[in-house]
Amino acid sequence: MLLNANLPNRKPLRLEGWDYSRPGWYFVTICVQDMRPVFGTVVNGKMLLNKVGQMAHEMWLAVEHYHPEYHLDECVIMPNHVHGLVRLETGRHNGLETGRHNGLPLLPDFVRRFKSTVDVAWRKMAGAGRCACPHTMRNGKLWHRNYWDVIVRDEQALSNIRNYIRFNPMNYDV
């Protein structure tokens, strides 16, 4: 493989060889471009969401309603990132076969849907003057180009991650 000297040397973040359509729990972290605090602030160990943060939280919860192949668990919207637990489901929901119309549900599809939905709503809010303008972000982008994930392998790991998410605002350091 030839590397372009002008491009950053990026390593893949996904686990090589892992099937990201495999049912199970995944812990995702999605960051704001340049880690700007667009969702609110932490005060005395509690996250105080602004309008953009409230909207992002509503969008997180809405994904499960429109896409039952994803089950959502703990989530926290932090000033400059989102942590959440997602379970990929397969099977039948509301009499419909899920995850089969365009292949199995994929974790990257969930993240893409969430990021895109929040980005569109954020731009609308900014256009109406109700939040920070997208042009204050580098290249007018809300989200960092990638995301981080952890494959949750057992119940103990799931419990530990739930606690990490719940207590994240108390441990947040600016």
Side-chain angles (χ1 to χ4, degrees), residues 8 10-11 13-15 20 24-68 70-89 107-174:
R10 294 187 173 126
K11 294 186 214 176
L13 297 177
R14 307 292 76 83
L15 180 62
Y20 281 90
W25 287 104
Y26 297 87
F27 171 46
V28 296
T29 299
I30 307 168
C31 294
V32 171
Q33 181 74 31
D34 298 326
M35 297 302 284
R36 293 185 182 232
V38 299
F39 297 131
T41 188
V42 175
V43 177
N44 296 325
K46 294 187 181 198
M47 182 61 201
L48 300 177
L49 297 174
N50 59 22
K51 289 182 187 215
V52 180
Q54 291 168 2
M55 177 267 307
H57 190 255
E58 290 168 11
M59 299 291 181
W60 178 272
L61 298 174
V63 171
E64 187 174 38
H65 176 73
Y66 295 105
H67 301 282
Y70 304 109
H71 173 73
L72 305 179
D73 196 273
E74 290 289 330
C75 167
V76 65
I77 309 292
M78 296 298 291
N80 55 15
H81 64 281
V82 176
H83 288 304
L85 276 165
V86 179
R87 180 172 176 79
L88 295 186
E89 305 275 352
L107 184 64
D109 290 340
F110 167 82
V111 173
R112 179 185 49 78
R113 283 183 173 115
F114 173 72
K115 287 170 73 170
S116 174
T117 303
V118 172
D119 187 74
V120 168
W122 173 65
R123 290 175 186 283
K124 286 180 183 175
M125 289 176 83
R130 294 190 315 237
C131 72
C133 180
H135 304 293
T136 64
M137 306 297 280
R138 186 176 64 165
N139 300 325
K141 293 182 180 180
L142 175 60
W143 298 111
H144 183 272
R145 69 178 285 277
N146 218 326
Y147 66 95
W148 289 263
D149 69 79
V150 172
I151 300 158
V152 181
R153 303 210 185 242
D154 58 38
E155 288 298 319
Q156 184 60 54
L158 183 61
S159 177
N160 292 344
I161 292 168
R162 281 182 177 136
N163 284 328
Y164 176 83
I165 292 170
R166 286 178 194 142
F167 296 110
N168 198 251
M170 286 182 246
N171 298 318
Y172 185 72
D173 187 21
V174 179

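Atom CZ of Phe114 and atom OH of Tyr147 lie 13.5 Å apart (nearest 0.5 Å). We find the CZ-CG distance between Phe39 and Asn80 to be 8.5 Å, quoted to the nearest 0.5 Å. From Thr117, atom OG1 reaches atom OH of Tyr66 across 10.0 Å, with rounding to the nearest 0.5 Å. Residue Ile161 holds its CD1 atom at 11.5 Å from CD of Glu74, rounded to the nearest 0.5 Å. Considering CE of Met78 and OH of Tyr172, their distance stands at 6.0 Å, rounded to 0.5 Å. Atom CG in Leu107 sits 7.5 Å away from atom OH in Tyr70 (nearest 0.5 Å).
Asp119 and Arg123 are joined by a salt bridge, as a carboxylate oxygen and a charged side-chain nitrogen come within less than 4.0 angstrom of each other.
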Donor-acceptor pairs under 3.5 angstrom involving side-chain atoms of residues 54-65: please list them, not counting sequence neighbours.
{"residue": "Glu64", "atom": "OE2", "partner": "His71", "partner atom": "ND1", "Å": "2.8"}
{"residue": "Glu64", "atom": "OE2", "partner": "Leu72", "partner atom": "N", "Å": "3.2"}

Without placing hydrogens or testing angles, list every side-chain donor-acceptor pair under 3.5 Å for residues 41-50, not counting sequence neighbours.
{"residue": "Asn50", "atom": "OD1", "partner": "Val52", "partner atom": "N", "Å": "3.0"}
{"residue": "Asn50", "atom": "OD1", "partner": "Gly53", "partner atom": "N", "Å": "2.8"}
{"residue": "Asn50", "atom": "ND2", "partner": "Val38", "partner atom": "O", "Å": "2.9"}

With side chain to side chain contact (heavy atoms under 4.5 Å, CB included) as the criterion, how do Phe27 and Thr29 come out once you've worked through the C-alpha distance, each side chain's angles and the decisive distance to 0.1 Å? CA-CA 7 Å; Phe27 171 46; Thr29 299; 4.0 Å; yes

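Considering all non-hydrogen atoms of both residues, Lys141 and Gln33 come closest at O-CB, 3.4 Å.
Under the 4.5 Å side-chain criterion, counting only non-hydrogen atoms from C-beta, Val28 is not in contact with Trp148.
Under the salt bridge (Lys or Arg N to Asp or Glu O under 4.0 Å) criterion, the residue pairs touching residues 154-164 are Asp73-Arg162, with sequence neighbours excluded.
At least one donor-acceptor pair closer than 3.5 Å links the side chain of Trp143 to the backbone N or O of Lys115.
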